[in-house]
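In this chain, numbering begins with 1 at the start of the sequence shown.
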Amino acid sequence: MSFDERGTASLAGAARPEQSGQAAPRRRAATLFGWADSFGFSAAGTAVSDGLEGRPTARTVLLGLLVPGIIMLAWWSVTEFTDISAVVLPSPEQVVIAGVELAQNGLLGTYVLISLQRVFIGFAIGATVGLLLGALVGLSRTASQLLGPTLGAIRAVPSLAWVPLLTIYLGIFEEPKITLIAIGAAFPVFTTVAGALRHVDAHLVEAGRAFGLGHTRLLTTVQLPAVVPSIVSGLRLALAQAWLFLVAAELIASSMGLGFLLTDSQNNGRVDRIFLAIILLAILGKTTDAILGIGERALLKRWG
């Protein structure tokens, strides 16, 4: 018995439709787009690539920079050729100068590193918890019925609602900040993994059991590899959520970090620094997502 790249089981000795004179049945896809992609064509009928082969081309990079370039040009034009006040909309040059000032004072690098540290630690903890809970709920009907409603209710709680409680229980240092980021990162992984495990092909699971695979080996050799695309998608969503929760986390008596820079700049009326913090959060979020995307390509080439 062997498993192909699509996660289906094949028996070497089984009779094939073409050998018995019958036409081979067409595989049913979950969606119209999935059906089109399975033949290497988009819904419009043109050939598409899965985006996993090799490195991004120059055309891909240029197209990705086109919209940010247009936004920057429009921003510069508005501030240069209109009478809008710098208090309302600072120019790109003023934002750069604000960043240089903070860097010269030794604050900008510290803020960035502190925020990165909080995001990475919270993301690692939250993703691990989400993966374990997702596997438990996705594989056990009892666990799903027992934990599903409670976890769904906790997931609906806004991020800022946790701040007072975490401050009371964990203090004002790093623990409540990392805990809040971990809460935000856990639920995307939990949701995607639990949902994917519930929909693993039942015939594939039965085939594994028929060949004597126990619960642990069935999970590690059949079920988890079958949901790797969902896991990596959940991890990317969790990383984005970790950055979203960072700002709320750094409202908890922070004196450093990009979230602190946002609130401190608001209190001092420094709109140029507010723009700087937002741009840095966008760049860091996209950069970390791209790094995670490198691991995603490797995993999908092996298991996807």
Side-chain angles (χ1 to χ4, degrees), residues 48-69 71-72 99 102-103 107-135 159 174 177-193 196 224-225 227-250 254 256-262 275-304:
V48 295
S49 169
D50 60 5
L52 301 178
E53 300 89 350
R55 298 179 180 178
T57 63
R59 180 177 181 273
T60 303
V61 174
L62 290 175
L63 285 177
L65 294 175
L66 179 61
V67 173
I71 293 173
M72 289 292 296
L102 285 174
L107 295 176
L108 187 62
T110 302
Y111 288 171
V112 169
L113 291 176
I114 286 293
S115 293
L116 282 171
Q117 175 181 286
R118 289 167 177 163
V119 166
F120 286 157
I121 295 176
F123 168 72
I125 296 173
T128 302
V129 173
L131 181 61
L132 294 175
L133 288 175
S159 58
E174 290 300 299
K177 301 175 181 64
I178 292 174
T179 301
L180 183 59
I181 295 171
I183 292 172
F187 285 106
V189 180
F190 160 74
T191 303
T192 54
V193 172
L224 283 182
V227 299
V228 162
S230 297
I231 292 176
V232 294
S233 296
L235 289 174
R236 298 186 75 166
L237 289 172
L239 183 59
Q241 192 83 340
W243 282 106
L244 294 176
F245 272 61
L246 171 71
V247 176
E250 291 183 338
S254 292
M256 291 183 292
L258 294 176
F260 165 75
L261 179 60
L262 276 172
F275 271 80
L276 174 66
I278 292 173
I279 293 171
L280 287 174
L281 286 169
I283 293 174
L284 290 171
K286 178 57 184 173
T287 302
T288 52
D289 179 75
I291 294 172
L292 192 58
I294 296 174
E296 178 185 14
R297 292 188 186 98
L299 285 172
L300 292 184
K301 282 183 179 179
R302 176 65 180 87
W303 300 108

With Ala238, which residues qualify under side-chain contact (heavy atoms from CB on, under 4.5 Å), at least two apart? Phe123, Ala185, Pro188, Val189
Sequence-distant partners of Thr128, side-chain contact (heavy atoms from CB on, under 4.5 Å), two or more places apart: Leu132
Which distance, rounded to the nearest 0.5 Å, do you find between the [atom1] of [X] and the [atom2] of [Y]?
{"X": "Leu262", "Y": "Ser254", "atom1": "CG", "atom2": "OG", "value": "11.5 Å"}
{"X": "Ser115", "Y": "Trp243", "atom1": "OG", "atom2": "CH2", "value": "6.0 Å"}
{"X": "Leu237", "Y": "Asp289", "atom1": "CG", "atom2": "CG", "value": "9.0 Å"}
{"X": "Thr179", "Y": "Ile121", "atom1": "OG1", "atom2": "CD1", "value": "11.0 Å"}
{"X": "Leu280", "Y": "Leu261", "atom1": "CG", "atom2": "CG", "value": "8.0 Å"}
{"X": "Thr288", "Y": "Leu239", "atom1": "OG1", "atom2": "CG", "value": "4.0 Å"}

Strictly by modelled atom types, are Thr60 and Thr57 linked by a side-chain donor-acceptor pair under 3.5 Å? yes
Once ring-ring contact (aromatic ring centres under 6.0 Å, His included) is applied, what residue pairs with a partner in residues 277-297 remain, sequence neighbours excluded? none
Tell me, do Leu292 and Val232 make a side-chain contact under 4.5 Å, heavy atoms counted? no
Could Glu174 and Arg118 be called an ion pair, given the rule that one side-chain N must be under 4.0 Å from one carboxylate O? yes
